[in-house]
Amino acid sequence: MIARSGGIQLLRHGTRRPIRSRSCVRTFSSPSATSVNTAASPAHPLASVTTQLDRVSPRFEIDPSAVTILNSPAAFYKTLKDKIHGARRRIYLSTLYIGKTEHELITTLDEALRDNPDLQVSILTDALRGTRESPDPSCASLLANLVISHGERIKISMFHTPNLVGWRKKYIPRRINEGWGLQHMKLYGFDDEIMLSGANLSSDYFTNRLDRYHVFSSKELTDYYYKVHDAVCGLSYRLRPSKEAPDGFTLESPLHRGLPDPVWHPKRFKAYAKTVLEPLIHKPARQSMFPVSFSREKTFVYPVAQFDILLGEANNQSFGDYEFASYTSTEKPTLIKLLRSLAENPELRNCNWTFTAGYFNIDPEISQLLIESAPESAKTLVRVPEQSTHSQPPCTVITASPWANGFFGSAGISGMLPAAYTLLSRRFLRDVAAAGRESSIHLKEWRRGTVGEPGGWTYHAKGLWVTLPPTQVASSVSDSENEDNRFSAVEGPSITLIGSSNYTKRSYSLDLEIGALVVTGDKKLQRKYKEETEWLQQDAVVVTKDDLMKVERRVGLNVRIAMWLVERLGGAL
């Protein structure tokens, strides 16, 4: 996929607003700073956070033992095939694309449909990415064969952005038109299990491209994500096999179902999409009527979605110290509420966090809040794995090395992206230093070999983990418990964010993204999250501003101009 950044940012220097002071900002829906210090302190430190999240996103309470975390592309592929074979009622797959040579995966789906007469399959991909190679073999031509074999038991939908229309659609080359918006959700559902990931369905994601993969065994949660999947399918083109078409298929417009077409009627299309999607991704009324307080025994899942290209941007207004928030999408508002809580709530000021993005171009507001939420000094150091005698800063950012970036060595504009991300990494470290957080935050680059060479891997993981300070958790444990139990309460992160988003301007303004924020008090699940952060860092090393200034990391003027040009034409990276 082409790109993950707002090009104009590459030409700006020092334009981000300074790090804000730490005074709490009261919101229309949140308690004042005084009430946080008094009323919330006897409760779990995260109770105030979940109260805030309850006002933005739907909440599901699950059994923590129902969460399985996979740790490799091979495990992802094996689990995917096993779940397909084991499904009896439904399979739904939302992905950017299925690789044009993934015949084994198609055969697995074909066998499952033949073996289970009651099985229904729904697949959602992106129309631009899924047909990019046409009339040569493509994702679309591969999937057309399944429709020929199984008819209405399998539905193939392809979403087309309403942002690429008119002269843009006519003249912008296929190789880069993805920069104007994509169906980027990754939902892999099987009966009553849902797998959330950032991985697509192609050979590199099954072999040598590292990502994250969480499986939730929950009918309620799986039903919820299916509703979102099915709603986007209803807005999309329908793939139909065609013997007359040179590439073996046609894309049937939503006009055939009496709905607006995203290319011919983009305004009407977005207005209709808003009526369908907004009620699904916003919190239900009963969630406000029946609040549930967070405690050490609970695990909450908050599904979060970013559909600004369809729903429009939020219209937030403030009056004095109060914020009147009108949410459209839910992922960015949820993440902002979480990070502001870490920055402003005294009980959460010394939390440790780990953040990762394969394409390092963090949305400026998110980047600023990450820096603000880090401790002002590294007084709270954490031990590195294996009980090392050395310590590391409490906050870590992991991204792909240029030699582990999927665009390394590509032709054209996409080949310039690794250099662009280097420039953005350098600017992030500059902002960290300006905020006085150099001892609290460090940046790591992940590399295993070199892309395109034997043994070379790429890095595609994205997410956030937040670990509470031991003393804060201990304060919420009953005094009757012994000292060891009180201070062993923190086994690892209590919060994680997983999904398809890369946390960039592109993700938040142009693509369709979905994921989940998990908040847990369960020690076993916390240990799983800790293990996940550790194996993701096994091939990562710390880089400094000096490292990024070396000759081999210099960024040419052509890169800056190309990125600027993409944004001037209405795209984003």
Side-chain angles (χ1 to χ4, degrees), residues 76-127 129-131 137-160 183-197 199-203 205-206 213 215-219 221-242 248-252 254 256-257 500 512 514:
F76 168 55
Y77 190 35
K78 182 180 186 304
T79 300
L80 189 72
K81 291 187 292 182
D82 289 346
K83 298 295 184 187
I84 290 172
H85 278 304
R88 294 294 178 264
R89 295 181 290 105
R90 66 176 174 186
I91 295 172
Y92 65 93
L93 310 174
S94 297
T95 187
L96 174 60
Y97 68 101
I98 295 177
K100 61 184 179 182
T101 60
E102 295 308 314
H103 300 290
E104 183 181 38
L105 180 61
I106 298 302
T107 298
T108 303
L109 287 165
D110 179 69
E111 292 172 350
L113 284 161
R114 293 184 187 279
D115 293 343
N116 300 286
D118 296 329
L119 183 63
Q120 299 287 323
V121 176
S122 175
I123 299 176
L124 170 67
T125 74
D126 182 74
R129 186 60 177 268
T131 61
S138 64
C139 166
S141 60
L142 188 68
L143 290 171
N145 295 324
L146 281 176
V147 182
I148 292 172
S149 300
H150 301 284
E152 293 303 313
R153 290 179 61 203
I154 181 164
K155 180 173 69 175
I156 310 296
S157 305
M158 292 191 153
F159 177 85
H160 192 294
Q183 190 308 104
H184 199 246
M185 301 189 300
K186 318 295 165 63
L187 295 173
Y188 305 127
F190 317 93
D191 289 343
D192 296 331
E193 293 183 298
I194 177 68
M195 184 191 304
L196 299 181
S197 179
N200 294 303
L201 303 180
S202 64
S203 58
Y205 290 94
F206 301 153
Y213 331 89
V215 182
F216 299 85
S217 298
S218 165
K219 182 180 187 304
L221 202 58
T222 308
D223 286 347
Y224 171 82
Y225 282 111
Y226 174 74
K227 291 177 183 177
V228 177
H229 163 93
D230 193 52
V232 178
C233 287
L235 300 170
S236 303
Y237 288 88
R238 188 71 52 82
L239 185 144
R240 302 293 188 189
S242 173
F249 68 88
T250 61
L251 294 183
E252 181 184 273
H256 286 76
R257 304 190 296 278
S500 61
L512 302 190
I514 200 160

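Just so it is clear, the model here is predicted, and its values are computed rather than measured.
- With sequence neighbours left out, the salt bridge (charged side-chain N to carboxylate O under 4.0 Å, His left out) criterion links E111 to no other residue.
- Atoms OH and OG1, on Y237 and T131 in that order, are 10.5 Å from each other to the nearest 0.5 Å.
- Residues F216 and T222 approach most closely at O-OG1, 4.2 Å, considering heavy atoms.
- Contact between S157 and S236 at its shortest, heavy atoms only, is CB-CB, 4.0 Å.
- When the side-chain contact (heavy atoms from CB on, under 4.5 Å) test is applied to K219, the partners found at least two apart in sequence or on another chain are D192, D223.
- Atom CE of M158 is separated from atom CG of L251 by 6.5 Å, given to the nearest 0.5 angstrom.
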Going through the distances and angles, do L239 and I123 end up as a side chain to side chain contact (heavy atoms under 4.5 Å, CB included)?
CA-CA 10 Å; L239 185 144; I123 299 176; over 6 Å; no

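- For the pair S149 (side chain) and L146 (backbone), a donor-acceptor distance under 3.5 Å is absent.
- Annotation: the span from I194 atom CD1 to Y226 atom OH amounts to 12.0 Å, rounded to 0.5 Å.
- With rounding to the nearest 0.5 Å, the separation of CG in L119 from CZ in R153 is 6.0 Å.
- Every residue two or more places apart in sequence or in another chain that forms a side-chain contact (heavy atoms from CB on, under 4.5 Å) with D191 is listed here: A87, R88, R89, R90.
- Across all non-hydrogen atoms, the minimal contact from Y188 to N200 is OH-CA, 3.7 Å.
- A side-chain donor-acceptor contact under 3.5 Å links N116 to the backbone of A112.
- Here T95 contributes atom OG1 and Q183 contributes atom CD; the two are 7.5 Å apart, rounded to the nearest 0.5 Å.
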Can L196 and L187 be said to form a side chain to side chain contact (heavy atoms under 4.5 Å, CB included), step by step?
CA-CA 6 Å; L196 299 181; L187 295 173; 3.3 Å; yes

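- Formation of a donor-acceptor pair under 3.5 Å by the R129 side chain with backbone atoms of C139 is not found in this model.
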Pair L143-I106, side chain to side chain contact (heavy atoms under 4.5 Å, CB included): steps then yes or no:
CA-CA 8 Å; L143 290 171; I106 298 302; 3.8 Å; yes

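- Contacts of S500 classified as side-chain hydrogen bond (donor to acceptor under 3.5 Å, both in side chains), with partners at least two apart in sequence or in another chain: E513.
- Counting heavy atoms from C-beta outward, I514 and V228 have side chains that approach closer than 4.5 Å.
- In this structure Y77 satisfies the side-chain hydrogen bond (donor to acceptor under 3.5 Å, both in side chains) test together with E104, sequence neighbours excluded.
- In this structure, F249 has no ring-ring contact (aromatic ring centres under 6.0 Å, His included) partners at least two apart in sequence or on a different chain.
- With sequence neighbours excluded, the residues satisfying salt bridge (charged side-chain N to carboxylate O under 4.0 Å, His left out) with K78 are D82.
- Taking the side-chain hydrogen bond (donor to acceptor under 3.5 Å, both in side chains) definition, one finds that Y213 meets it with nothing, sequence neighbours left out.
- With values rounded to the nearest 0.5 angstrom, L512 atom CG is found 9.5 Å from S94 atom OG.
- Side-chain contact between L105 and L80: present, with at least one pair of heavy atoms (C-beta onward) separated by less than 4.5 Å.
- S122 meets the side-chain contact (heavy atoms from CB on, under 4.5 Å) test with Y92, K155, H229, C233; sequence neighbours excluded.
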Show, in sequence, the C-alpha distance, side-chain angles and deciding distance for L109 and I154, and conclude whether the side chain to side chain contact (heavy atoms under 4.5 Å, CB included) test is met.
CA-CA 10 Å; L109 287 165; I154 181 164; 5.6 Å; no

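- Applying the salt bridge (charged side-chain N to carboxylate O under 4.0 Å, His left out) test to K100 and every residue at least two apart in sequence or in another chain returns nothing.
- When the salt bridge (charged side-chain N to carboxylate O under 4.0 Å, His left out) test is applied to E193, the partners found at least two apart in sequence or on another chain are K83.
- With sequence neighbours left out, the side-chain contact (heavy atoms from CB on, under 4.5 Å) criterion links R240 to E152, R238, T250, E252.
- S138 and Y97 are not linked by any side-chain donor-acceptor pair at a separation below 3.5 angstrom, with hydrogens and angles left out of the test.
- Side chain of S141 to main chain of P137: no donor-acceptor pair is present (N/O by atom type, distance under 3.5 Å, no hydrogens or angles).
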